[in-house]
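To keep things clear, I will list the structure first and then write my remarks on it.
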Amino acid sequence: MKKIPIGVEDFREIIKNDYCYIDKTKLIEEIVKDGSKVKLFTRPRRFGKTLNMSTLKYFFDVKETERNRKLFKDLYIENSPVFSEQGKYPVIFISMKGISNDTYEQTINDIRVKIKELFKENSDLIEKINKYDVPDFEKYITEKIDEAQLKNSLKFLTKTLFEVYNKPVVLLIDEYDSVIINAYENGYYQEMINFLKGFYGDVLKTNQYLKMGVLTGI
């Protein structure tokens, strides 16, 4: 009998460990055929949102294309015409899960840490990017950035990935609204909204480096 993946939200882990998995890869086909550049999926908690976002990451990511291709063996998407999109794009995957603070300043610091980790994951780009962009890229890793630079971080990373791979970027933002809900509950909602207009807005709206953006929330 296969194991039940209780608490497991990583698609690769589920497939590699032969957990029980209900094939939801038709979602990939629907997303590709949908045509809209930015897509928002709202579902209740514990509805599999993070697992689906993880699945999208492994499907689209240009890194480890062949290794990731094997994860989809015998699943619906393998026989779909859109399987040609597998492993074609650089992917940014960021989750806002777990950010829960009493103040706006603490939340901004937590977002800064998440951005630091994101840039560290892509630190191999430093050797490939325009030398004039290297100091800015390194600032994100050391967290030596002000709020304006933090707002621009995702847009800057899409630009960098596009220039290195010469392919538009797939951006996945999991639980985008977690910080909004927390801000509302703790009395700094308007400050948070003003920040997110830049943080989300700059990267999702009229961004020439973006292939598509997918967001989840409750």
Side-chain angles (χ1 to χ4, degrees), residues 8-15 21-65 68-69 71-72 75-78 80-99 111 114-115 117-119 121-122 151-162 165 167-181 196-218:
V8 182
E9 298 177 319
D10 183 78
F11 177 71
R12 175 184 281 169
E13 184 179 352
I14 286 176
I15 299 300
Y21 174 69
I22 297 173
D23 189 350
K24 296 182 180 180
T25 58
K26 193 175 191 298
L27 172 68
I28 301 171
E29 183 181 74
E30 293 170 352
I31 284 175
V32 172
K33 290 183 175 180
D34 172 76
S36 58
K37 195 154 188 175
V38 179
K39 312 158 202 299
L40 170 62
F41 295 96
T42 56
R43 298 291 186 275
R45 298 185 190 277
R46 314 311 307 166
F47 208 81
K49 299 186 295 296
T50 300
L51 174 58
N52 283 333
M53 293 290 263
S54 171
T55 306
L56 293 176
K57 175 184 181 296
Y58 288 117
F59 180 81
F60 287 114
D61 202 351
V62 72
K63 298 178 182 179
E64 301 184 328
T65 300
N68 290 339
R69 186 187 302 269
L71 299 175
F72 298 93
L75 297 179
Y76 173 88
I77 197 65
E78 187 182 33
S80 167
V82 307
F83 198 62
S84 60
E85 295 287 284
Q86 189 271 328
K88 285 186 62 175
Y89 307 100
V91 174
I92 298 172
F93 181 17
I94 183 170
S95 174
M96 305 305 282
K97 183 190 301 185
I99 298 181
I111 294 174
K114 284 186 176 287
I115 291 299
E117 293 304 313
L118 197 55
F119 274 76
E121 288 173 16
N122 290 280
K151 282 183 181 180
N152 189 55
S153 57
L154 293 178
K155 175 71 174 290
F156 177 75
L157 188 54
T158 60
K159 170 182 174 291
T160 304
L161 287 165
F162 178 85
Y165 290 99
K167 293 178 180 292
V169 177
V170 173
L171 173 64
L172 308 173
I173 304 178
D174 194 30
E175 298 201 22
Y176 88 97
D177 57 345
S178 176
V179 289
I180 299 174
I181 295 168
L196 293 176
K197 282 179 181 178
F199 186 66
Y200 292 152
D202 287 351
V203 70
L204 292 171
K205 186 177 181 181
T206 60
N207 181 0
Q208 61 183 311
Y209 311 113
L210 189 69
K211 171 67 176 177
M212 73 173 73
V214 183
L215 297 83
T216 70
I218 59 170

### Query
Which word best sums up how the rings of F72 and F83 line up, parallel for under 30°, tilted for 30 to 60°, or perpendicular for over 60°?
perpendicular
### Query
How about N122 and K63: does a side-chain donor come under 3.5 Å of a side-chain acceptor?
yes
### Message
When you measure from the side chain of E85 to the backbone of F60, do you find a donor-acceptor pair of N or O atoms at a distance under 3.5 Å?
### Response
no
### Message
Measuring from atom CD of E121 to atom CD of E117, what distance do you get when rounded to the nearest 0.5 angstrom?
### Response
7.0 Å
### Query
Going by the angle between their ring planes, with limits at 30° and 60°, are Y21 and F11 parallel, tilted or perpendicular?
perpendicular
### Message
If we ignore hydrogens and angles and just use 3.5 Å, is the side chain of K39 paired with the main-chain N or O of M212 as donor and acceptor?
### Response
no
### Query
Which heavy-atom pair separates S84 from P81 by the least distance, and what is that distance?
OG-O, 3.3 Å
### Task
Using a 4.5 Å cut-off on heavy atoms from C-beta on, say whether the side chain of Y176 contacts that of L204.
no
### Task
Could you pull out all residues at least two apart from K205 that satisfy salt bridge (charged side-chain N to carboxylate O under 4.0 Å, His left out)?
none
### Message
Tell me whether S54 contacts the main-chain N or O of T50 through its side chain, where contact means a donor paired with an acceptor under 3.5 Å.
### Response
no
### Query
Do V170 and K57 come within less than 4.5 Å of each other through their side chains, counting heavy atoms only?
no
### Query
In Å and rounded to the nearest 0.5 Å, what is the CG to OG1 distance from L75 to T25?
5.0 Å
### Message
Are the side chains of Y89 and L161 in contact, using a 4.5 Å heavy-atom criterion?
### Response
no
### Query
Does N152 offer a backbone N or O that forms a donor-acceptor pair with the side chain of D202 under 3.5 Å?
no
### Query
Could you give the distance from NZ (K155) to CG (L210), rounded to the nearest 0.5 Å?
10.0 Å
#### Entry: Spatial distance of atom OH (Y209) from atom CG (L157) [nearest 0.5 Å]
12.5 Å
### Query
Taking all atoms of both residues into account, what is the closest heavy-atom pair of I94 and K114, and its distance?
CD1-CB, 4.3 Å
